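Working notes for the structure below.
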Amino acid sequence: MSIKPFVPQLVYIEPRALEYPLGAMLKDKFENMGLEIRQTTSHNQVRNIPGKNDFQKYRNAKSTLVVGVRKTLKFDTSKPSAEYAIPLATGCMGHCQYCYLQTTMGSKPYIRTYVNTDEIFDSAQKYMEERAPEHTRFEAACTSDIVGIDHLTHSLKKAIEFFGKSDYGKLRFVTKYHHVDHLLDADHQGKTRFRFSINADYVIKNFEHGTSALEDRIGAAAKVAQAGYPLGFIVAPIYLHEGWKEGYENMFRLLDKTLPSEARDDITFELIQHRFTKPAKRVIQKNYPMTKLELNEEARKYKWGKYGIGKYVYQNEEQEDIKATLSANIEQYFPEAKIEYFT
Ligand code: SF4
């Protein structure tokens, strides 16, 4: 059975959010849906997420939505896939055990959506003007799975249309959700690359709880392709498990069977092997104590990283095997696609 679109269990609304049309609309909408709504003066007050212990609080936070105003209109950089991260939301309701948000969001795992979208777009406009006539790419999924919550807010849809009208802007994002129907008629003008995160069925079933099944993601990709969006896939994290070669080939075969032929000439693939850091391992084991995820430093290769936090990747021969296997699959099923990188 397909996963249902996300509905928060608890909603916090910052008073300033009600000064914006989207904030007022969301308040009405959530009241009509019969959701529990609490007023708050700032998002720091939201720390009082219900729950008897950290474990419960973490789970409750992931079904809590905060409707707020984005104060910092300075965008983070988002290399290498884009110049800037456009902040439409933070946090995610998914339970992917290797999610990077577990370490980056730390004590604030709730979802926060920003209602001052016009101010955010004004800021994007300035970044584009600075770089014109070069194109500027914006990534909308750096701090959340934006598609997974957009059926409630439609702010991503607005962003797609905003960049559709722009002269020098491009938008991209990635999702593990299939709730894309409201985005199909957005006037994207080919300026948004709609990417799906896909993986072998075993990996999705064991480590990506609360996200859409592989067939649903691929079904959604077919709809998006039919709507004329440039399409992309991030195969991540590529995880070695028993039968992995077959698992990944099945994934490509399903993709090949489902994608319409007209979508084939402009597809990108990004390939990212599984990696972890020591701090991430600690957080994963705290949030998902029963995890089957293999996090054994001894079996991995250590790669020096920024701020002295190195990461554990696969051994060289394993990396070569992954790269060769998946590249051969792509060559066979999608000869016209472009592999952007393997990392
Ligand atoms: Fe994290 Fe993406 Fe999974 Fe959400 S869907 S928990 S953002 S990896």
Side-chain angles (χ1 to χ4, degrees), residues 2-9 49 55 57-66 76 78 81-82 85-114 139-153 155-156 172-180 183 194-218 220-221 224 232-239 270-277 279-281 283-288 291-293 295 311 343:
S2 295
I3 183 169
K4 296 214 171 68
F6 169 67
V7 175
Q9 273 168 18
I49 298 274
F55 184 79
K57 282 189 185 183
Y58 178 74
R59 271 150 188 77
N60 289 337
K62 276 194 163 270
S63 45
T64 299
L65 180 69
V66 181
D76 286 334
S78 177
S81 74
I86 181 164
L88 299 172
T90 52
C92 178
M93 56 282 164
H95 277 279
C96 303
Q97 297 181 4
Y98 31 60
C99 178
Y100 61 102
L101 294 181
Q102 291 186 79
T103 30
T104 55
M105 308 253 321
S107 59
K108 298 179 276 192
Y110 46 79
I111 304 156
R112 194 155 184 254
T113 185
Y114 300 115
E139 168 66 63
C142 279
T143 50
S144 72
D145 190 308
I146 186 74
V147 173
I149 50 174
D150 201 60
H151 65 95
L152 295 169
T153 63
S155 32
L156 180 63
R172 43 174 48 216
F173 47 82
V174 59
T175 184
K176 290 187 171 75
Y177 289 90
H178 70 283
H179 308 113
V180 300
L183 299 172
F194 207 130
R195 286 128 86 226
F196 288 85
S197 167
I198 52 172
N199 218 314
D201 212 28
Y202 169 91
V203 179
I204 294 180
K205 287 205 170 109
N206 283 287
F207 307 119
E208 298 188 353
H209 297 149
T211 65
S212 296
L214 179 62
E215 307 78 68
D216 290 335
R217 293 184 205 175
I218 293 180
V224 159
F233 296 95
I234 304 192
V235 188
I238 303 166
Y239 179 78
E270 295 157 74
L271 309 178
I272 307 175
Q273 65 174 307
H274 180 249
R275 77 270 319 278
F276 62 92
T277 60
K281 176 176 173 172
V283 185
I284 292 169
Q285 290 179 335
K286 179 172 152 250
N287 289 337
Y288 302 99
T291 186
K292 284 208 265 175
L293 198 61
L295 299 166
K311 52 194 171 197
T343 179

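The chain is numbered in sequence order, starting from 1. Counting starts at 1 for both ligands and their atoms, following the listed order. Here the structure is a predicted model, which is why all the values come from computation and not from measurement.
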Students often mix this up, so state it plainly: with edges at 30° and 60°, are the rings of Phe207 and Tyr98 parallel, tilted or perpendicular?
tilted
for atom 1 (Fe) of ligand 1, nearest protein heavy atom and its distance come out as Cys99 SG, 2.3 Å
Atom 3 (Fe) of ligand 1: closest protein heavy atom, distance to 0.1 Å, is Cys96 SG, 2.3 Å
Counting from 1 in the order shown, the ligand 1 atoms closer than 4.0 Å to a non-hydrogen atom of Leu101 are 7 (S)
Under 3.5 Å, side chain of Ser144 to main-chain N/O of Ala141, donor-acceptor pair present?
no
Which of Thr175, Thr211, Asn199 passes side chain to side chain donor-acceptor pair (under 3.5 Å) with Arg217? It is Thr211
Of the backbone and side-chain N, O or S atoms of Cys92, does one lie nearer to atom 3 (Fe) of ligand 1 than 2.8 Å? no
Min over Asp145, Thr90, Ile146 of heavy-atom distance to atom 5 (S) of ligand 1 lands on Asp145
- prompt: More than 12 heavy atoms of other residues, nucleotides or ligands under 6.0 Å from CD of Gln9: is that the case?
  reply: no
Does Gln102 use its side chain to pair, donor to acceptor, with the backbone of Gln97 at less than 3.5 Å? yes
shortest atom 2 (Fe) of ligand 1-to-protein heavy-atom contact is with Lys176 NZ, 3.8 Å
Side chain to side chain donor-acceptor pair (under 3.5 Å) filter on Asp201, not counting sequence neighbours, yields Lys205
In ligand 1, the atoms that come under 4.0 Å of a heavy atom of Gly94 are 6 (S)
